[in-house]
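We name chains A, B, ... by the order of the sequence lines, and we start the count at 1 in each one. It should be emphasised that the depicted structure is a prediction, and the values quoted were computed from it without experimental measurement.
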Amino acid sequence: MAQTPRYRFAPSPTGYFHVGGARTALYNWILALQTNGVFVLRVEDTDDSRNNPQWTQGILDALAWLGIDSSDSHFEGPYFQSANAALHVAAAEKLFEQGKAYYCDLSTEDIQKRAKESGKQNERQGYDGYSRDRGLGPGAGHVLRFRVPEGSTIVQDQVRGEVVFDNSTIEDFVLLRSNGSPVFLIANVVDDITQGITHVVRAEEHLPNAPKQQMIWRALGHEPPSWAHVPVLVNEQRKKLSKRRDKVAVEQYRQEGVLADAMKNYLMTLGWAPTGDTEIVPFQKIVSEFSLSSVNHSPAFFDIIKLQSFNADYIRAMSLGDFIAACEPWLLGEKAPWLAEKFDAKVFAEIAPLVQTRVQLLQEVPSMVDFLFCDLPTIDDVSYAKAFSTDWAVPTLVAIRDGFKTCEWKAESLKGVVDKVGEQNSLKLGKLQAPLRVAVTGRSVGPPLFEPIEVLGREVTLKRIDAVLVKKVS
RNA sequence: GCCCCCAUCGUCUAGUGGCCUAGGACACCACCCUUUCAAGGUGGCGGCACGGGUUCGAAUCCCGUUGGGGGUGCCA
């Protein structure tokens with residue numbers, strides 16, 4: 001009987017959780033779902049200098065947002081690497097006892113100096129194996145290094161196939177720092193072994209670590225896992241997405257009103273594509289179709305414009321009720337640009353269908369409806385200048401106002417009033433409505449005009465028109 | 001420098017030797033629809049990096065060149 005596949009995602013909490021990490025997590029998650037395996041979450045929190053509990057919580061929240069959390073039986077963890085430090089050290093010491101690792105007292109400066117003096121940098125890279133046979137034991141200032149064997153190391157990668165590394169190009173890397181603490185290379189492997197990980201799926205930047213880690217697995221007496229190194233995500237400069245330079249925080253996209261489903265779907269089209277002629281597909285289809293062997297080998301550009309397009313698609317596909325519910329965080333509370341008591345859910349519900357086809361991000365919703373919940377709209381200067389640049393703007397607006405005073409207060413009738421003024425002045429509705437729109441909404445673009453005007457009511461509408469006419473005169 | 005990975009429209013991709021005068025999506029442009037803006041519809045622009053092979057036949061296989069990327073820490 002084949003053992004249950006155990007995948008893992010091992011982020012380090014050193015900053016906002018980023019989209020590249022989200023994609024790697026998604027890969028592992030989908031694979032676990034697909035094989036009825038396990039997704040192990042392990043937080044690699046061993047870098048005290050950069051660690052922060054806040055980041056850990058951010059990772060947990062973001063994963064949960066994407067639907068990856070303990071409410072699903074395939075999820076296991078989170079484990080914290082820092083809790084296993086003793087195991088890491090013990091494993092390293094075992095390697096020392098077996099002669100598979102040795103201590104060295106050279107400092108980083110010493111190593112650089114030796115490398116420079118020898119002139120050759122291709123052998124054992126920076127470190128030349130100086131202490132291999134000096135028989136040093138542990139001690140102050142001593143690091144433990146892995147004794148890289150002769151020969152070559154073949155990494156079987158599910159994305160890239162066979163990748164061969166000549167061991168002579170791999171230096172005797174550090175296992176234990178001079179302060180006795182284990183480094184990533186061994187901590188990661190020991191945790192994978194103790195957690196029974198069978199499949200390591202991670203970003204390509206780890207490919208050079210694979211031969212080293214594979215050697216550790218074997219030295220520790222275990223068969224290495226199945227490896228898969230997926231291409232990295234890059235920015236427009238084709239550089240690996242970086243936390244400091246690029247907009248990469250999953251949380252930030254979430255706050256702007258990107259839907260989790262849209263984010264998941266978009267992320268999965270980077271380096272891979274579902275069958276059929278559309279990339280926008282249900283997550284279930286992705287789960288059933290995804291395979292590592294069909295993942296592309298080259299880096300993919302994280303295109304925010306396309307993400308937004310996906311998001312707009314997902315927004316339009318929502319039921320009206322779901323859309324209204326999804327808008328809530330931007331309508332109520334601090335994010336809303338109006339006074340809480342001014343907001344009227346019923347009014348919003350009426351205009352919501354008109355808003356739904358017009359936003360790409362949920363955060364754009366308030367600006368489409370704010371004129372309904374403010375006393376007087378804030379007039380956008382550019383829109384105003386443009387709308388009132390013609391000599392007919394004021395007279396026609398006055399005529400419209402007069403018509404509004406007495407007409408039936410229904411969208412069709414209101415439109416009728418404006419149509420009539422248009423006929424009298426030989427102006428098309430498209431042009432004629434501009435000054436009215438600016439007066440009522442403050443902007444030159446927005447949802448269809450007459451429905452909101454009906455909702456606003458006669459008194460408020462006339463007040464706004466008058467306010468703009470006064471502004472024009474002054 | 002050294003090691004490794006990669007190479008289809010601007011971008012994300014389909015394509016696994018004949019179905020390819022290379023398909024879709026985003027972006028862009030035009031037109032239609034239209035109450036501005038969207039949405040929707042129709043159409044357009046635009047690509048197999050280059051050079052050698054292999055083969056009856058290559059975007060697909062091999063080699064080289066060029067170009068990108070990743071790594072090269074007592075970070076993870």
Taking the same atom, P, in G10(B) and in C45(B), what whole-Å distance lies between them?
14 Å
Whole-Å distance separating the CZ atom of F173(A) from the P atom of C74(B):
12 Å
Can you say whether a donor on the side chain of T169(A) sits under 3.5 Å from an acceptor on the base of C2(B), or the other way round?
no
What about K306(A), does its side chain sit under 3.5 Å from the base of A25(B) through a donor-acceptor pair?
yes
Just N and O in the side chain of T46(A): are any of them under 4.0 Å from OP1 or OP2 of A76(B)?
yes
Got a donor-acceptor contact below 3.5 angstrom from the Y314(A) side chain to the V258(A) backbone?
no
Flag if over 12 foreign heavy atoms under 6.0 Å of NZ, K243(A):
yes
Does F146(A) have K212(A) sitting over its ring (NZ/CZ under 6.0 Å from centre, angle to axis within 45°)?
no
Under 3.5 Å for both donor-acceptor distances, Watson-Crick or wobble: does U72(B) have a partner, and if so which one?
G1(B)
Could you give the CZ-to-C1' distance, from F165(A) to C2(B), as a whole number of Å?
13 Å
Between P on G68(B) and CG on N235(A), what's the gap in Å once rounded to a whole number?
15 Å
When you compare A22(B) with U42(B), how far apart are their C1' atoms, in angstrom units rounded to a whole number?
23 Å
Contact class for K428(A) vs. all strands (heavy atom < 4.0 Å): base, sugar-phosphate, or nothing?
nothing
Side-chain N or O of R238(A) closer than 4.0 Å to phosphate OP1/OP2 of A7(B):
no
Given the P atoms of G53(B) and G57(B), what is the spacing between them in whole Å?
12 Å
Mind calculating the distance between CZ (R245(A)) and P (G69(B)) to the nearest angstrom?
10 Å
If you measure from the C1' atom in U8(B) to the same atom in C48(B), how many Å do you get, rounded?
4 Å
May I ask you to evaluate whether N188(A) reaches the phosphate of A76(B), defined as a side-chain N or O under 4.0 Å from OP1 or OP2?
no
Who is the Watson-Crick or G-U wobble partner of U16(B), with both distances under 3.5 Å?
none
Length of the line joining D303(A):CG and G24(B):P, which is rounded to integer Å:
19 Å
Rounding to an integer number of Å, can you tell me how far H206(A) NE2 sits from U72(B) P?
10 Å
Please determine which of V460(A), V347(A), I351(A) meets the side-chain contact (heavy atoms from CB on, under 4.5 Å) test together with V455(A).
V347(A)
Residue matched to C31(B) through Watson-Crick or wobble contacts both under 3.5 angstrom:
G41(B)
F450(A) CZ to U36(B) P: how many Å, rounded?
10 Å
Is the phosphate of G40(B) approached by R316(A) (side-chain N or O, under 4.0 Å from OP1 or OP2)?
yes
Nearest-angstrom distance, C1' atom, C4(B) to G43(B):
46 Å
Given that both distances must come in under 3.5 Å, which nucleotide forms a Watson-Crick or G-U wobble pair with A22(B)?
none
G24(B) base to E279(A) side chain: any donor-acceptor pair below 3.5 Å?
yes
N209(A) CG to C4(B) P: how many Å, rounded?
15 Å
Cationic N near anionic O, under 4.0 Å, D380(A) to K386(A):
no
Which residue, P448(A) or N296(A), contacts RNA chain B at a nucleotide closer to its 5' end, judged by nearest heavy atom?
N296(A)
Salt bridge check, D191(A) against R8(A): does any charged N sit closer than 4.0 Å to a carboxylate O?
no
With a non-hydrogen cut-off below 4.0 angstrom, is S309(A) in contact with a base, only sugar-phosphate, or nothing?
sugar-phosphate
If you measure from the P atom in G69(B) to the same atom in A30(B), how many Å do you get, rounded?
35 Å
Remember a base hit wins even if backbone is also touched, and classify A300(A) as base, sugar-phosphate or nothing at under 4.0 Å, heavy atoms.
sugar-phosphate
